[in-house]
Each structure stands twice: as C-alpha cells, then as structure tokens.
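See structure below.
Below, each value reflects all heavy atoms present in this structure, side chains not excepted, and no hydrogens, waters or symmetry copies.
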Amino acid sequence: MIQREIYFDNSATTRPSKEVLTHYLRVADEEYGNPSSKHKRGQTARALLTEARKTLLSALGTKDGHVLFTAGGTEANNLALFGRAYAKERFARGCRIITTAGEHASVALPLDALAKAGFDIVRIPTKGGALDTEALLSALSPKTVLISMMAVNNETGAIYPTSLVSAAMRRACPDAVFHVDATQAFMKIPMTPKTLGADMITVSSHKIEGPKGVGALWVSDAVIKNRGLSAVTLGGGQEEGLRSGTENVPAISAFAEAARLASASFDERTQKIREVKEHLLSSLALHPVLADAVTANLPEKAAPHILSLTVEGFKSETVLNDLSGRGIYVSSGSACASHARNLSAALLAFGKSEEETDATIRLSFSHHNTKEEADVFLSALAEIVETRARVRR
C-alpha cells in the first residue's frame, strides 16, 4: 500500500501551483473574450496578453525582443527551426544547420525532416555532457544559417556553453541565427538572452508550475527586423503573423503568473533543489548497498534539478515500475520519448553503452522535494536491488 507520494519527475512536468490555478480559473471565468475582437471584452483579453508578454520578458531578464506564445515547447522549437529554415528563398540545398547530439525529439525530428529537404545537418558530440568545441569550430561555415541547441540537457542536466557557441558563430557566420531550447533552463539556472547569446529562446509553462499546453518563443528584434523567421501556422495572423490561432488567454496569463512567482523566489527555490540533490548524492556514495550498484552520471557543469543514475544490471523500466509501486515517481528518460523503444540518444551521446543506457533512470527535483524524500527513495531503491539480487541467486 502506498504510504506517501514522492514525485521526482519534475523535468517531465511540474504540479501547477495553487496560485497559478486560481489565476487561471479567474481569467477563464471572467476574461473570456477573443483578443482579436474589437469590442471591450476582446480588448480586455488583449491587454492580458500584453501584460503577459511584459512579464515573460521580465522573467527572461530583458526588455527587448518579441514573445510569441505557442501551444508548448515543442511548437516553439518547430517554429524556430522550420520558421528559420524557410525564411529565405536562398536557404536551400547545402545550407547548414548545426545542433548537438542528443537533443530533445522536438528539435531532433524536425532537423531530420529538414535533412530530407536538403539541409546539411551537423550534430556536435557531447560526451560526458561536454560540448566538443573543436568539432563545433570545424562545423561552422559561411553556409551555416542556424544553430539550435539546448541550454540544459533534459536527461543528464548538462549545461552547454551557449555563450561560447554564440561568440564563435558571430565570428564565422554572422548572418546565422542562434536558437536555444531553454525548456529545462528557464527558472532553473540564471539565464538571459544576453548571457545565452541567443537570437531565439524556447520556454515552456508546465516546467515551472504553470498549465500544460502553453509555451513561448522569444525572438530578438534583429531577427524580426531582418525577416529571419517565417510563419509555420497560417491563419488569422495572430502573434505578429508568425503563429496564427486564437490565443489561449487563460493559459498564457497563468504561464506569466508562474514565471513571475518563480522569478521572485528563484534563489530560494534553487537552493532547496540543490540541497536535496547534494544530500542524495552524498548519501548514495556512502550507502552500503547502492554505492557499488549505482553510478551517478555527472556532467562537469550541471543544472541543480536533474540527476541521472545508472542501476547496474537492471532495466530502467523495471526500476521505474518497482518504484512507482511504492509511490515514488521517476523517469526512464525523456517523458516525451518514453513510449518509444529506441534508446536515449542523449545518454548514448553522453558516452553510456547501450546496456548502461537501458539501465538508467532520471530524477528531477522541485523546491517542494525534501532530503527526507531522498532518503526514502534510496531505501526503496536498495530494497529493489537486494530483492532482485536474492531472486537471481
């Protein structure tokens, strides 16, 4: 029988905060107008969108650029990739797009499609969670039109040197555009468009205690001015003509509220998350059962909220299911790809073997998690390891 629920899958999604849910319900109930309507009810809804854009800009640490609201991080990434690739007629066969090995499917699969359309896709190795800068410098060329990469890897927590990439791109191919998927970085590590060096940034609501089904693509003034991004969804011309469709005002407004709350308590939240992760790692290293059975996959530079663990000799799905039966929820990789049979590209790029990749689970923490929960997790994992070992004997 489940005694308590321990949720260590916050990179898949977070639980919406009560403040955000209250905000969402109020807006949905009271401000139901279509923001494209010219009457007062519509204009009130449009004012909420304007306020939400300002709030997102503030949370991103900038006053510049354009916030384009989407139905989530996946759509924002698709808009950045396809919108850039087809922005100019001259972007055709032979034009290069650079990315990293092990990107999220919402970047990797669109790039596969663009490869079939004739674009030259180059994937930079990320062994050990470190970007191969020599490979990057070799890949840069005047034919490069776009670089797209994560700020934080969603499976290993590796922080990639986006500012270094940006600086190298500006020198070698100044007309190229740099897109950063900050889905796992936004409100998790300090970041602004300037520190990332980005021209476009993807963020998502449900990763920061906001509602699902809403995200945003931040686009620099220069990209908009130079018409460096084209529409992918055509229709009524919303979101500056780059993402048509009636805006989901309650969700967008609630997303902005989640960002405001997270920004206001960023240091406190981050410290709590870091303490839980460090406690779990130090306890793991001293654990009589787990110290030799579990390997922590630790990049040199890592975000505080993600921890990748390889449980030697176990299928990740087995461990996940056994933990779930005890009310402890973790992931066996990216939740968006959990239905697929393929092994994690991110873990293989990290340097794990196929067998190790298939034995790896991901923990991802929020500021609601505690050291006590980490202890319960370790006890449960040790019991699983010991029980299975006895069965094998």
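Nearest heavy-atom pair across P193 and T62 is CG-CG2, 3.9 Å. Closest heavy-atom contact between D132 and A135: OD1-N, 3.0 Å. A pairwise comparison of heavy atoms in G157 and I306 identifies N-CG2, 3.6 Å as the closest pair. Nearest heavy-atom pair across G235 and S244 is N-OG, 3.1 Å. Across all their heavy atoms, F178 and S166 have their closest contact at CD2-CB, 3.7 Å. Nearest heavy atoms, L280 versus F377: CD1-CD2, 3.8 Å.
Under 3.5 Å, the side chains of S253 and H23 contain a donor-acceptor pair of N or O atoms. In the model, T202 has a side-chain atom that pairs as donor or acceptor with a side-chain atom of N77 under 3.5 Å. Side-chain atoms of T14 and H206 form no donor-acceptor pair, as typed in the model, at a separation below 3.5 Å. No donor-acceptor contact under 3.5 angstrom links the side chains of H367 and E268, judged on distance only. Between the side chains of H104 and N153, no donor-acceptor pair of N or O atoms lies under 3.5 Å. Remark: the T192 side chain and the T195 side chain contain an N/O donor-acceptor pair separated by less than 3.5 Å. T310 and T360 are linked by a side-chain donor-acceptor pair at a separation below 3.5 angstrom, with hydrogens and angles left out of the test. Side-chain contact annotation: T100 with E103, donor-acceptor N/O pair under 3.5 Å present. S364 and N10 form no side-chain donor-acceptor contact under 3.5 Å, judged by distance and modelled atom types alone. In summary, the side chains of E312 and T295 do not present any donor paired with an acceptor at a separation below 3.5 Å, with no hydrogens or angles considered.
Contact check for T246 versus Q238: side-chain heavy atoms found under the 4.5 Å cut-off. Contact annotation: the side chain of D322 never approaches that of E383 to less than 4.5 Å [non-hydrogen atoms, C-beta and beyond]. Between H287 and L381, every side-chain heavy-atom pair lies at or beyond the 4.5 Å cut-off. Residues L298 and T156 fail the side-chain proximity criterion, which asks for heavy atoms closer than 4.5 Å. For the pair I147 and T99, the minimum side-chain heavy-atom distance is 4.5 Å or more. When side chains are defined from C-beta on, Y329 does not count as touching L320, because their heavy atoms never get closer than 4.5 Å. When side chains are defined from C-beta on, N154 counts as touching R362, because their heavy atoms get closer than 4.5 Å. The closest side-chain heavy-atom distance from E75 to R243 is below 4.5 Å.
Residue F350 is not grouped with residue V294 when hydrophobic side chains (ILVMFWY) are merged at heavy-atom distances under 4.5 angstrom, including chains of intermediate members. At a threshold of 4.5 Å between side-chain heavy atoms, the hydrophobic network of Ile, Leu, Val, Met, Phe, Trp and Tyr places Y7 and L21 in two separate groups. Each of I208 and I189 belongs to its own hydrophobic cluster when Ile, Leu, Val, Met, Phe, Trp and Tyr are linked at side-chain heavy-atom distances under 4.5 angstrom. Linking ILVMFWY residues whenever their side-chain heavy atoms come closer than 4.5 Å, directly or via other members, places L164 and I98 in the same cluster. Residues I273 and I328 fall within the same hydrophobic cluster, defined by Ile, Leu, Val, Met, Phe, Trp and Tyr side chains chained together at heavy-atom separations under 4.5 Å.
Checked by atom type and distance alone, the side chain of N226 pairs as donor or acceptor with a backbone atom of A222 at under 3.5 Å.
Counting side-chain heavy-atom gaps under 4.5 Å among Ile, Leu, Val, Met, Phe, Trp and Tyr, L286 is found in no cluster with other residues. Residue L261 belongs to a hydrophobic cluster whose other members are V20, with links defined by side-chain heavy atoms closer than 4.5 Å. Using a 4.5 Å cut-off between side-chain heavy atoms of Ile, Leu, Val, Met, Phe, Trp and Tyr, I224 falls into a hydrophobic cluster with L68, L79, L81, F82, Y86, F91, I97, V107, L111, L114, F119, I121, V145, L146, V177, M200, L217, V219, V223, L229, V232, L242.
For the side chain to side chain contact (heavy atoms under 4.5 Å, CB included) test with K315, the passing option among V311, T318, V319 is T318; the others fail. The salt bridge (Lys or Arg N to Asp or Glu O under 4.0 Å) test with E31 is passed by exactly one of K40, R46, R41: R41. With H368 as the partner, the side chain to side chain donor-acceptor pair (under 3.5 Å) test is satisfied by one option alone out of E209, K272, R15: E209.
Atom OG1 of T162 and atom CG of L196 lie 4.5 Å apart (nearest 0.5 Å). Note that OG of S316 and CG of L309 are 12.0 Å apart. Values are rounded to the nearest 0.5 Å. The OG atom of S379 sits 10.5 Å away from atom CZ of R326, with the distance rounded to the nearest 0.5 Å. In this structure, S141 OG and R96 CZ are separated by 4.5 Å, a value rounded to the nearest 0.5 Å. Interatomic distance, Y160 OH to T133 OG1, rounded to the nearest 0.5 Å: 13.5 Å. Atom OG1 in T183 sits 11.0 Å away from atom CD1 in I201 (nearest 0.5 Å).
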Exercise for review: Go through the steps for I252 and L48 under the test side chain to side chain contact (heavy atoms under 4.5 Å, CB included), then give the verdict.
Suggested key: CA-CA 9 Å; I252 288 170; L48 284 172; over 6 Å; no

**Study point:** side chain to side chain contact (heavy atoms under 4.5 Å, CB included) between K277 and L281, worked out
**Key:** CA-CA 6 Å; K277 181 178 179 179; L281 281 170; 4.2 Å; yes

Check your understanding: Stepwise, does the side chain to side chain contact (heavy atoms under 4.5 Å, CB included) test hold for E239 with H66?
Key -> CA-CA 9 Å; E239 299 303 296; H66 303 245; over 6 Å; no

Practice item. Could you please spell out the steps behind the side chain to side chain donor-acceptor pair (under 3.5 Å) verdict for S308 and E155? Key: CA-CA 7 Å; S308 174; E155 293 190 49; over 6 Å; no

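Take R274 and apply the side chain to side chain contact (heavy atoms under 4.5 Å, CB included) test, not counting sequence neighbours, and it matches T270, Q271, E278, P304. By the ring-ring contact (aromatic ring centres under 6.0 Å, His included) test, F365 pairs with F8, sequence neighbours left out.
Few gaps surround CD on E30; more than 12 heavy atoms of other groups in view lie less than 6.0 Å from it. Within a 6.0 Å sphere centred on CD of E355, other residues, nucleotides and ligands contribute 12 heavy atoms or fewer. Atom CD of E240 has more than 12 neighbouring heavy atoms from other residues, nucleotides or ligands inside a 6.0 Å radius.
A salt bridge (Lys or Arg N to Asp or Glu O under 4.0 Å) check over residues 170-188, counting only residues at least two apart or in different chains, returns the pairs R170-D199.
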